[in-house]
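The block underneath contains the structure these notes are about, expressed in structure tokens.
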Amino acid sequence: MNSPAYPQDRTGRPRVLVANDDGIFSPGIKALALAVADVADVVVVAPDVEQSAVGHGITIRRPLRFKHTASAGFGDIPAYRVDGTPADCVVLGYHLLGAPDLVISGINIGPNVGEDLTHSGTVAAAIEGLALGVPSIAFSQLGRPDGEYSFAAGAAYAAKLVREVLTRGLPPRVLLNVNFPAGEARGVRVTRVGQHRWEDSIITRQDPEGREYHWVAGKSRAGDLEDLDTDDGAVEAGFISVTPVRLDLTARDLLAEVAAFTPAL
């Protein structure tokens with residue numbers, strides 16, 4: 001590695017690891033890292049190419065490259081690119097650069113709400129932070145109708161939230177999933193995970209040699225957009241949505257019911 005990690009460590013400020021799934025050259029991660037650098041010592045570790053929708057994959061069948069990347073435009077902030085997944089980036093950043101006080105991921109190009117959380121690489125980076133015992137936040141942003149994005153306002157709010165979380169902490173196994181609206185925010189709402197989902201479809205075509213190939217496509221299916229207490233409803237209505245997400249997947253209310261019909265050996 002050609003650059004030290006957390007070069008500002010002498011200040012005694014908290015340390016923040018920034019990752020994403022859109023890649024190290026995404027404008028969203030640059031805006032986030034530069035804004036958070038005002039409140040903490042920051043290092044960036046991100047995929048070398050876009051890794052959207054890869055979920056919480058970890059690369060175990062091949063080696064990974066970890067390379068300092070001055071050309072990514074982060075100024076004095078050390079930035080490294082990895083030829084792997086968002087979760088890989090957090091694992092390597094944690095073990096090669098030192099344990100951070102907080103992992104943040106984003107700002108993603110596009111929202112991550114409802115069932116998107118299960119396949120989002122952005123959220124997966126935050127989940128990997130939790131797996132390593134580090135408080136974590138995922139940030140995403142809704143695009144404007146013309147497909148354009150402006151990350152400045154979201155990044156400024158992210159820095160404020162980061163400061164609070166660094167001061168107060170988060171409960172164990174709980175991350176924050178934050179979504180910014182496309183334009184000026186009407187306010188902030190603490191929300192629950194909504195019903196947004198993707199309805200998959202398969203497009204089958206033939207290559208020039210006549211062999212079939214398949215393309216997974218789909219359409220976004222809005223959930224309960226009238227309910228401003230959900231992440232998708234709030235962000236579509238112009239609010240910043242902050243959703244505490246717990247990683248305990250056990251359906252505790254069903255333990256007794258399932259035990260009642262589970263066959264014995």
Once you round to the nearest 0.5 Å, how far does OG1 of Thr85 lie from NE2 of His56?
-> 7.5 Å
Can you check side chain to side chain contact (heavy atoms under 4.5 Å, CB included) on Asp116 and Val123, steps first, answer last?
-> CA-CA 9 Å; Asp116 292 353; Val123 176; over 6 Å; no
Any donor-acceptor N/O pair, Asp88 side chain to Thr59 backbone, under 3.5 Å = yes
Between the OG1 atom in Thr250 and the CG atom in Leu255, the distance rounded to the nearest 0.5 Å is 7.0 Å
Between Phe180 and Tyr157, how do the two ring planes meet: parallel, tilted or perpendicular, split at 30° and 60°?
-> perpendicular
For Arg13 and Val42, indicate whether the former's side chain and the latter's backbone hold a donor-acceptor pair under 3.5 Å.
-> no
Is there a side chain to side chain contact (heavy atoms under 4.5 Å, CB included) between Val18 and Val36 once you walk through the steps?
-> CA-CA 9 Å; Val18 184; Val36 173; 5.5 Å; no
Quick one: which of Asn112, Asn20, Asp21, Asp22 gives a side chain to side chain donor-acceptor pair (under 3.5 Å) with Ser140?
-> Asn112
When rounded to the nearest 0.5 Å, the distance separating CG of Asn108 from OG of Ser26 is 7.5 Å
Is a donor on one side and an acceptor on the other found under 3.5 Å between the side chain of Arg15 and the backbone of Asp41?
-> no
Test item: side-chain donor near acceptor, Thr243 and Asn177, under 3.5 Å = no
Take the angle between the ring planes of Phe66 and Tyr80 and call it parallel below 30°, perpendicular above 60°, tilted in between.
-> parallel
Pairing residues for Asp38 by the salt bridge (Lys or Arg N to Asp or Glu O under 4.0 Å) criterion, not counting sequence neighbours | none
Got a donor-acceptor contact below 3.5 angstrom from the Ser150 side chain to the Glu148 backbone?
-> no
salt_bridge(Arg144, Asp146) N-O dist < 4.0 Å = yes
For the pair Leu17 and Val43, evaluate side chain to side chain contact (heavy atoms under 4.5 Å, CB included) and give the outcome as yes or no after the intermediate values.
-> CA-CA 5 Å; Leu17 171 62; Val43 66; 3.8 Å; yes
Dump the intermediate steps for side chain to side chain contact (heavy atoms under 4.5 Å, CB included) on Asn179 and Leu142, then the final yes or no.
-> CA-CA 7 Å; Asn179 283 273; Leu142 187 69; over 6 Å; no
Are Arg192 and Asp227 ion-paired here, with the side-chain N under 4.0 Å from a carboxylate O?
-> yes
Can any side-chain N or O of Ser105 pair as donor or acceptor with the backbone N or O of Ala138 at less than 3.5 Å?
-> no
Can you name the salt bridge (Lys or Arg N to Asp or Glu O under 4.0 Å) partners of Arg189, sequence neighbours left out?
-> Asp229
Assess whether atom CD of Glu184 is packed by more than 12 heavy atoms of other residues, nucleotides or ligands within 6.0 Å.
-> no
Are there more than 12 heavy atoms of other residues, nucleotides or ligands under 6.0 Å from atom CZ of Arg205?
-> no
To the nearest 0.5 Å, tell me how far Ser136 OG sits from Ile104 CD1.
-> 10.0 Å
